[in-house]
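In what follows, a structure is listed as C-alpha cells, so that the remarks can point back to it.
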Amino acid sequence: MVVSDFVPVGALSQISDGMGVTEGTAGLLVTLPALAAPAATVLMRRLDRRLAIIGLTALIAVSCVLPPQRPASR
C-alpha cells in the first residue's frame, strides 16, 4: 500500500466539496480502483507482462494529462 491509496479517504469531505458531489460519490475514488485491481489481475494473467506495463503506464500518463485540459466547472 502506498500513501496515494489512503489520502483520498482522509480528504473525502474536501474532495466532495470541491467537486460539488456527495461524500459517497467522492468515495468512489477509493472504491473503484480497489475493485478494478483484482479484475485487471485476472484479465491480464495471460498477457505479456511488458505489454501490460506499457498499457498501464500509458493509462496513467493519459490520466495525468487529461484532467488539467478540462474546463473549469465554476
Side-chain angles (χ1 to χ4, degrees):
M1 300 306 264
V2 293
V3 174
S4 64
D5 294 333
F6 296 109
V7 169
V9 175
L12 282 179
S13 59
Q14 290 89 354
I15 292 170
S16 66
D17 289 343
M19 296 178 70
V21 297
T22 65
E23 286 186 19
T25 301
L28 293 173
L29 290 169
V30 178
T31 305
L32 291 178
L35 296 176
T41 302
V42 170
L43 293 172
M44 290 191 277
R45 68 178 175 225
R46 292 194 177 112
L47 187 63
D48 180 21
R49 288 185 182 148
R50 290 173 289 196
L51 291 176
I53 290 173
I54 290 169
L56 292 172
T57 302
L59 183 63
I60 290 170
V62 168
S63 71
C64 290
V65 170
L66 288 182
Q69 306 305 319
R70 181 177 170 261
S73 59
R74 291 184 188 192

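No hydrogens, no waters, no symmetry mates; every other heavy atom, side chains included, goes into these values.
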(message) With rounding to the nearest 0.5 angstrom, report the CG to CZ distance, Leu47 to Arg45.
(response) 12.0 Å
(message) With rounding to the nearest 0.5 angstrom, report the OG1 to CG distance, Thr22 to Leu28.
(response) 8.0 Å
(request) Nearest 0.5 Å please: distance from the CG atom of Asp17 over to the CG atom of Leu12. (result) 10.5 Å
(request) Using a 4.5 Å cut-off on heavy atoms from C-beta on, say whether the side chain of Leu56 contacts that of Met44. (result) yes
(message) Between Ser63 and Ile60 (side chain of the first, backbone of the second, donor and acceptor by atom type, cut-off under 3.5 Å), is there such a pair?
(response) yes
(request) Mind checking the CD-OG spacing from Glu23 to Ser13? Nearest 0.5 Å is all I need. (result) 5.0 Å
(message) Return the CE to CD distance between Met19 and Gln14, rounded to the nearest 0.5 Å.
(response) 13.5 Å
